[in-house]
Structures are given as structure tokens and as C-alpha cells.
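Side chains are part of it too, since the values below use all heavy atoms of this structure and drop only hydrogens, waters and symmetry mates. As the structure is a prediction and not an experimental result, all values here were calculated from the model.
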Amino acid sequence: MSEHTINNTRRKLLQGIGATGLAAVAAPGLAASGQSTHWDQTYDFVIIGSGFAALAAAIEAKRQGIKSVAIFEQMPTFGGNSSINGGLFAVPNSPMQQKEGVEDSIERMVGDQLKAGRGIADEALLRHVAEHANEALQMTFDAGAEYLPYLQQLGGHSAPRTYQTTVACGAGITQPLYKLAVKLGVEMNNRCRMSGFIRGKAGEIEGVTIETRYYADRKVSEGETLKIKANKAVLVATGGFSQNIALRMAQDPTLTADVGCTNIKGATGEAMLEMFRIGAVPVHLAHIQSGPWASPDEGGFGYVSNYSIFNFPHSIAINRMTGQRFMNEIADRKTRADAQLANRDAEGKPVPPLMITHYHDADQHPNCKKVLKYGVGWKFDTLEQLAKHFDVPLKPLQAQIEEYNRYVDSGVDEQFGKPMGKAKGKHIKAPFMVVRLWPKVHYCQGGVKVNQLAQVEDSLTGKPIKGLLAAGEVAGGIHGVSRLGSCSIPECMVMGMTAARTVAAGKA
């Protein structure tokens, strides 16, 4: 059947049942608007979610002169999953890079991400984010966010380009952004769950239905359901679906309820599914990333994750059964997660590997003391004590450490090709600091397809769904197979700001 025939058939169908009827067929339960629709509240710009993308969009919208902006968050507190992320922000050509004399470029950062994406990342979107990352960073400065006075080089990055908040979590950004948004007049609504879209006669998004007094832990709404009109557009910025066990298992059956997760309980993807109902294109849903810096000894993201991210460049990861290294400690996330998951005994049971660091290097990160305080890390005065505690063969471990320390001196890792710039002068020696590693589900590369204006594309026409935008983790296909650490915050914020600019330009 030709495209012309398909289009003619579709037009006849539209004439026969009407646009609102088509909406009902395509999406059971989808609300459709007409002249008789009663709107409970009206805003120019309606934003679903309250993380990095949502807050950046709200602030930029007010700066662009959009009068009424409202955020609707289903959880009791604002900030979403962003508030508990690592607070790591990758920026090429940043002020701190210039201060430290670090050579970097937009092309170099995009190249690193394309390599991690293994051929299926969206180069145009990655470049768009990299080009505007400094603007997003400046927004956090304007809001009062504070960062550690040094850059980090995370796995898969070819240069140190990552800022980290002084509180070592995303709340160091979301809280200042929240305060700035409120100051600018953004209306904040919590315990408000979006349950569907309201469409006009031509299929455009006119608004949303919102269940109020919503309790996510019980999945119950105890308030009324409101019809909220969006004069200009609706932005969905609700994050990923890593806590939706059934949905993630549909993509990867190994990601059962027994597999840990770093994200909040509200990361279940219902708003993404609602966009699929109205024709959004699903992309890369099967690519679900596990964090190779997580610990099996604590729940969620915990304290070890940021501790590990900081220390990987000058640490070694050891297989407890052999006493040997088994990976490049700052390879991309998928490479490291896969290598860690291979650490199993003869019966296939997990044997979480160890990350070993010189204590006085590890202690440079603020989480080191917390890791020890809460019993998810250990300090040893001798290698013999360490080996006995974890039942690691001592002689192979001694030989491995001696070999690695030669790489520190030479600047060349002959085992796994790890970049040794950040390890210069940092030998593995007593006293030793140790944490255990085991990956946890962390990030969903998949979601709805968007373009460089943050518009959501329609699966039938390939054109934007009028009045609908998406930004952040709910948008898929940007990173490909594996997202590099610290690239989520710039993506979320830049695409949130982009959505606001699209609305302000009348292109939504």
C-alpha cells in the first residue's frame, strides 16, 4: 500500500468517525475536548514533574515572558528523582576547565557520548545539549547552587569536565532551582497525578486531567479530578520507569524485583505510557542502564555511589576470588556493569567485587566518613587484614597492587588501558579503604521520541503532536546503549530550557 493510499484511507476514517472519535479509538479512556469542556484551571504553560527538566523549563518560561506557569508533581515533595541523583554535571568548555587549563570541546564531549552509545545515540540532540550546557550551568549559578572546587573525570569521558554539588546529590541543584522558580511566580502543586491528556478536535493537546491529593505509595487519589487547560503547551518531564518492575522486565526479563534500583518509588513511567496512548513514538525502551558504582550493602543510590564515582580514577577494582583486576575502572557504565556482573562463583552466585583505595585519597570525598559511619565501607591498616576479611588470596592481591602502582608511576595502564591522569602520584597503599560493588538499575535510555525543539513526534505522521513537549529521562533515544555519567543533568536542563523557548516562540 502506498503512502498516498494510506493517507486517503486515514482521511476517510477521520471523516467517518470524527477527530474526537478517532482519539477514543486510538486511546481508550483518553479525554477529548470540545466547546462544552469545563476547565477547572487555566495556565499558559503546564509542566508535569518537578525535577531538573521541569524546573529549568519553568524558570526559562518565566524569563521568556510566559505569564502563567504551573508545575504538577505526583509525589509529596518537589524535585523528583533529580533530588537524589549524584549532583554530577558535565559541561564542555566550562569556567572551571578554563581556570584549570583543561582542553575540551563540544565535539570531544559528543564524541565520547557517541562511543558509549554504540552507534544508536542521537548525535544532533547530543550536540544541542553540549552546545547549551554552559547556559544550564549558569542557571544553576544564578539560583545559588554550589559546587566542589575541582572537576572530576568520570567513566567514558576523555577529559575532566564534571562538576559536583557540595552536598554530593542533585538536591544541591533542585532546591535552589525550586526557590528561584517560586520567586519568579511559578505555581507549585504537589500530590497531583496526571491521569490523561485532553485533546482538541484536530488532535492537539489542550490540557490534562489531574488527580489531586494523590498518594503514590497507595496509588490512591483522595481529592477531585481537575481538568487543567494549557493555553500554549504541556511539557511532560516525569523521568524514567526504572521502578515499574513489570515494564522493565518486559524489556529485559533479568531485571526482576530482586535487582536493586537507585531511583525514587515514583519513577514508574505512567505519563510516558499516556504519551504512547496518543501516538508518541517509543524508542530504545530495552536499553536500561545499571550503575556500576552502586553498593549491595545499602539501599537506593546511597553514599557509596558518589564515593565510588569520585574514587574510581585512582582505585582498583578486584575480583575477590582471584585477587586480580578485571576491568578499566573508568570505562563507560555498561562496560563496567557487565564486567562486575561476571563476578560469580562456580554455582553462578554473585561475588561482589571490591574497590580498593588509599584511605588518604578516598578521604578527599565528603562521603568517605559517611561510608565508614554507616558500615558500608571498611578501613584496614594492612593488606593482610583486608585479604582475610574478604577471603581474597593474599599473594595475587599483593602482586596486583605492585603491578598497578608501576602503572601509576609510568602513566600507562598496561592491563586495561585506563587513563591514568587522575591517578598520578596516587598509589594503592596502607591504610586501605574498601567498598563492595554491584550494579543497580539506574537510568532508562528509552522513552518518547523528541526533536531538537523538545516536541514529541507522532508515530503516524512523523510530525510533532501539537501542544505536547517532553524533556529529561522520559524522552528516549538520545544516549543510545549507554549514557555517560554526569550527562543527565545537562540533558534534562537544556531540553527543559529548550521546551520553554519553543513555547515562547509559538512553535509548540
Side-chain angles (χ1 to χ4, degrees), residues 44-45 47 49-67 69-71 73 78-83 85-99 104 106 109 125-149 151 161-188 233 235 237 239 450 452-454 469-475 478 486-505:
D44 289 330
F45 191 22
I47 300 171
S50 67
F52 296 128
L55 292 168
I59 291 168
E60 184 64 19
K62 297 300 290 186
R63 287 177 168 177
Q64 292 285 336
I66 298 174
K67 291 184 179 180
V69 180
I71 278 178
E73 166 60 52
F78 296 102
N81 203 61
S82 298
S83 62
N85 100 324
L88 294 155
F89 195 152
V91 184
N93 300 326
S94 70
M96 204 183 305
Q97 281 184 325
Q98 295 173 19
K99 181 180 178 181
D104 199 8
I106 290 168
M109 177 167 164
L125 281 171
L126 289 176
R127 181 166 283 104
H128 175 74
V129 171
E131 288 173 347
H132 296 277
N134 269 294
E135 296 172 48
L137 179 65
Q138 185 60 50
M139 179 183 282
T140 71
F141 290 154
D142 295 343
E146 296 180 351
Y147 297 91
L148 296 172
L151 292 171
R161 61 169 68 101
T162 298
Y163 286 70
Q164 181 166 42
T165 60
T166 55
V167 292
C169 70
I173 296 172
T174 58
Q175 290 180 3
L177 290 181
Y178 169 84
K179 292 176 183 177
L180 178 56
V182 171
K183 182 179 179 181
L184 292 173
V186 176
E187 183 178 313
M188 297 286 183
L235 168 66
V450 298
Q452 291 175 62
L453 295 178
L469 305 166
E473 193 177 347
V474 76
I478 297 176
S486 71
C487 290
S488 177
I489 296 179
E491 179 215 329
C492 289
M493 290 193 64
V494 167
M495 294 308 293
M497 294 166 70
T498 297
R501 292 169 182 176
T502 296
V503 174

Which pairs count as side chain to side chain donor-acceptor pair (under 3.5 Å) when at least one residue sits in residues 127-140, sequence neighbours excluded?
Glu107-Arg127, Glu123-Arg127, His128-Thr498, His132-Glu135, Glu135-Arg501, Gln138-Asp142, Thr140-Tyr147
To check you understand the geometry: which heavy-atom pair defines the closest contact between Leu180 and Ala143, and what is its length?
CD2-CB, 4.0 Å
d(Thr174 OG1, Ile489 CD1) to nearest 0.5 Å is 9.0 Å
Report the C-alpha separation of Leu177 and Met493 in whole Å, then their side-chain angles, then the decisive distance to 0.1 Å, and conclude whether the side chain to side chain contact (heavy atoms under 4.5 Å, CB included) test is met.
CA-CA 11 Å; Leu177 290 181; Met493 290 193 64; 4.0 Å; yes
Hey, what do you get for CD (Glu473) to CE (Met495), rounding to the nearest 0.5 Å?
14.5 Å
Side chains of Tyr163 and Leu151: closer than 4.5 Å at any heavy-atom pair?
yes
Closest contact, heavy atoms only, Pro490 versus Ser486:
CD-O, 3.3 Å
Looking at every non-hydrogen atom in both residues, tell me the closest pair between Gly49 and Ile71 and how far apart they are.
O-CG2, 3.3 Å
Trace of the side chain to side chain contact (heavy atoms under 4.5 Å, CB included) decision for Ile59 with Val69
CA-CA 9 Å; Ile59 291 168; Val69 180; over 6 Å; no
Side-chain polar contacts of residues 85-97 - donor-acceptor pairs under 3.5 angstrom, sequence neighbours left out - could you list them?
unit_1	atom_1	unit_2	atom_2	d
Asn85	OD1	Gly87	N	2.8
Asn85	OD1	Gly170	N	3.4
Ser94	OG	Gln97	N	3.2
Gln97	OE1	Asn93	N	2.6
Gln97	OE1	Ser94	N	3.2
Gln97	NE2	Asp104	OD2	2.8
Gln97	NE2	Pro160	O	2.9

Grab the two heavy atoms, one from Phe45 and one from Ala61, that are nearest each other, plus how far apart they are.
CD2-CB, 3.6 Å
Walk me through it: do Leu126 and Ile478 pass the test side chain to side chain contact (heavy atoms under 4.5 Å, CB included)?
CA-CA 7 Å; Leu126 289 176; Ile478 297 176; 3.7 Å; yes
Closest non-hydrogen atom pair between Gly79 and Ser50, with its separation
N-OG, 2.9 Å
For Ala499, what residues pass the side-chain contact (heavy atoms from CB on, under 4.5 Å) criterion, not counting sequence neighbours?
Leu235, Ala454, Leu469
Show your reasoning for whether side chain to side chain contact (heavy atoms under 4.5 Å, CB included) applies to Lys179 and Leu55.
CA-CA 10 Å; Lys179 292 176 183 177; Leu55 292 168; over 6 Å; no
Side chain to side chain, Pro176 and Glu146, heavy atoms closer than 4.5 Å
no
If you compare all heavy atoms of Cys169 against all heavy atoms of Thr165, which two are closest, and at what distance to 0.1 Å?
O-OG1, 2.8 Å
